[in-house]
Amino acid sequence: MRDLFDGDVMEPRDVQLAPGAMLLAGFARPLEASLIEAVNAIVERAPFRHLVTPGGHRMSVAMTNCGRVGWVSDHTGYRYDAIDPESSHPWPQMPAVFADLAARAAAKAGFVDFRPDACLINRYKPGAKLSLHQDKDELDFNAPIVSVSLGLPATFLFGGLNRSDKTARYRLTHGDVVAWGGPSRLAYHGVMPLPDGEHPLLGAQRINLTFRKTR
Ligand code: MD3
Ligand code: FE
């Protein structure tokens with residue numbers, strides 16, 4: 001359906017995927033250069049790393065963070081931590097271009113005054129995937145999570161409140177922003193293994209920014 005309208009003339013750029021889940025197709029595209037530059041600056045100080053789950057599995061997605069706190073995982077569990085365990089320093093500050101984009105997208109999706117204090121940055125190389133999970137390490141589930149997709153397209157899995165609920169599949173492409181709040185906030189979700197490809201700006205990878213209000 002979306003492809004039918006995905007041109008320069010007719011674009012229903014805002015699509016409700018599910019109650020509380022609003023896709024703003026291409027919303028981040030005008031900022032692509034600034035966003036990629038900001039990611040590169042963050043990664044210089046807090047490089048991408050493959051976290052290990054509490055169960056001992058190395059994640060195929062590489063991660064880093066910016067903001068007051070960052071999401072980390074190790075053998076002791078998952079948590080938000082103000083200190084990057086790799087460097088023992090605070091995470092890089094959230095750049096204004098990130099915070100502004102997240103707030104504008106949230107507002108457009110109907111979530112007023114979204115001020116994220118954490119941004120988890122995921123890097124997918126071909127084959128990398130994210131298994132079905134809920135994001136529930138945050139304290140305030142009234143706030144949405146805002147995601148920004150950059151680079152190669154991915155197939156996103158979106159289920160219900162139970163792991164066994166049927167999942168819908170959505171293609172998320174470069175510049176797409178989604179606000180996930182309300183009844184969608186605690187939905188199970190994941191990402192299918194990234195197909196090979198070459199993106200003009202990012203090469204053979206997909207970068208996803210997820211903005212969270214953790215407290
Ligand atoms: C729906 N990231 O970092 S973004 C994650 O593409 C994560 O890297 C995926 O799931 C990625 O936790 C998906 C879309 C997303 C993010 C958070 C959600 C969808 C969500 C939270 C609740 C419901
Ligand atoms: Fe998630």
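Heavy atoms only: backbone and side chains are in, while hydrogens, waters and symmetry mates are out. Indexing begins at 1, ligand by ligand and atom by atom, following the structure's order. This structure is a prediction, so every number in the text was calculated from the model and none was measured.
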Evaluate ring pair (Phe, Tyr, Trp, His ring centres under 6.0 Å) for W180 paired with F156, printing each intermediate quantity in order. CA-CA 13 Å; W180 314 87; F156 177 76; 4.8 Å; yes
If you measure from each non-hydrogen atom of L186 to ligand 1, which part falls under 4.0 Å: side chain, backbone, both or neither? neither
Part of S184 within contact of ligand 1 (heavy atoms, under 4.0 Å): backbone
Going by distance alone, is a donor N or O of one side chain under 3.5 Å from an acceptor N or O of the other, for N65 and W71? no
In terms of residue, atom name and distance, what is the protein heavy atom nearest to atom 13 (C) of ligand 1? F156 CE1, 3.5 Å
What I want to find out is whether D74 reaches R79 closely enough, with some N-O distance under 4.0 Å, to be called a salt bridge. yes
So is Q134 close enough to ligand 1, meaning a heavy atom under 4.0 angstrom away? no
Is the shortest distance from a heavy atom of V178 to ligand 1 less than 4.0 Å? no
With a heavy-atom distance limit of 4.0 Å, tell me whether L172 approaches ligand 1 through its side chain, its backbone, both, or neither. neither
For ligand 1, is R212 a contact, meaning one of its heavy atoms is under 4.0 Å away? yes
Could you tell me whether R123 sits above the aromatic face of F48, with NZ or CZ closer than 6.0 angstrom to the six-membered ring centre and within 45 degrees of the axis? yes
Stacked cation flag R206 on Y124, 6.0 angstrom / 45 deg: yes
Counting only heavy atoms, tell me which of Y124, F141, F158 gets closest to atom 11 (C) of ligand 1. Y124
Restricting to N/O/S, name the atom of D135 that gets closest to the Fe ion (ligand 2). OD1
Which atom, counting only N, O or S, brings H189 closest to the Fe ion (ligand 2)? NE2
Of the side chain and backbone of K129, name the one, both, or neither that has a heavy atom under 4.0 Å from an atom of ligand 1. neither
Just to be sure I read this right, does ligand 1 sit under 4.0 Å from the backbone of R206, its side chain, both, or neither, counting only heavy atoms? side chain
I'd like to know if the side chain of R68 pairs up with that of Y80 as donor and acceptor (distance under 3.5 Å, no hydrogens or angles considered). no
Hey, does H133 come in under 3.5 Å of ligand 1, counting only N/O atoms on both sides? yes
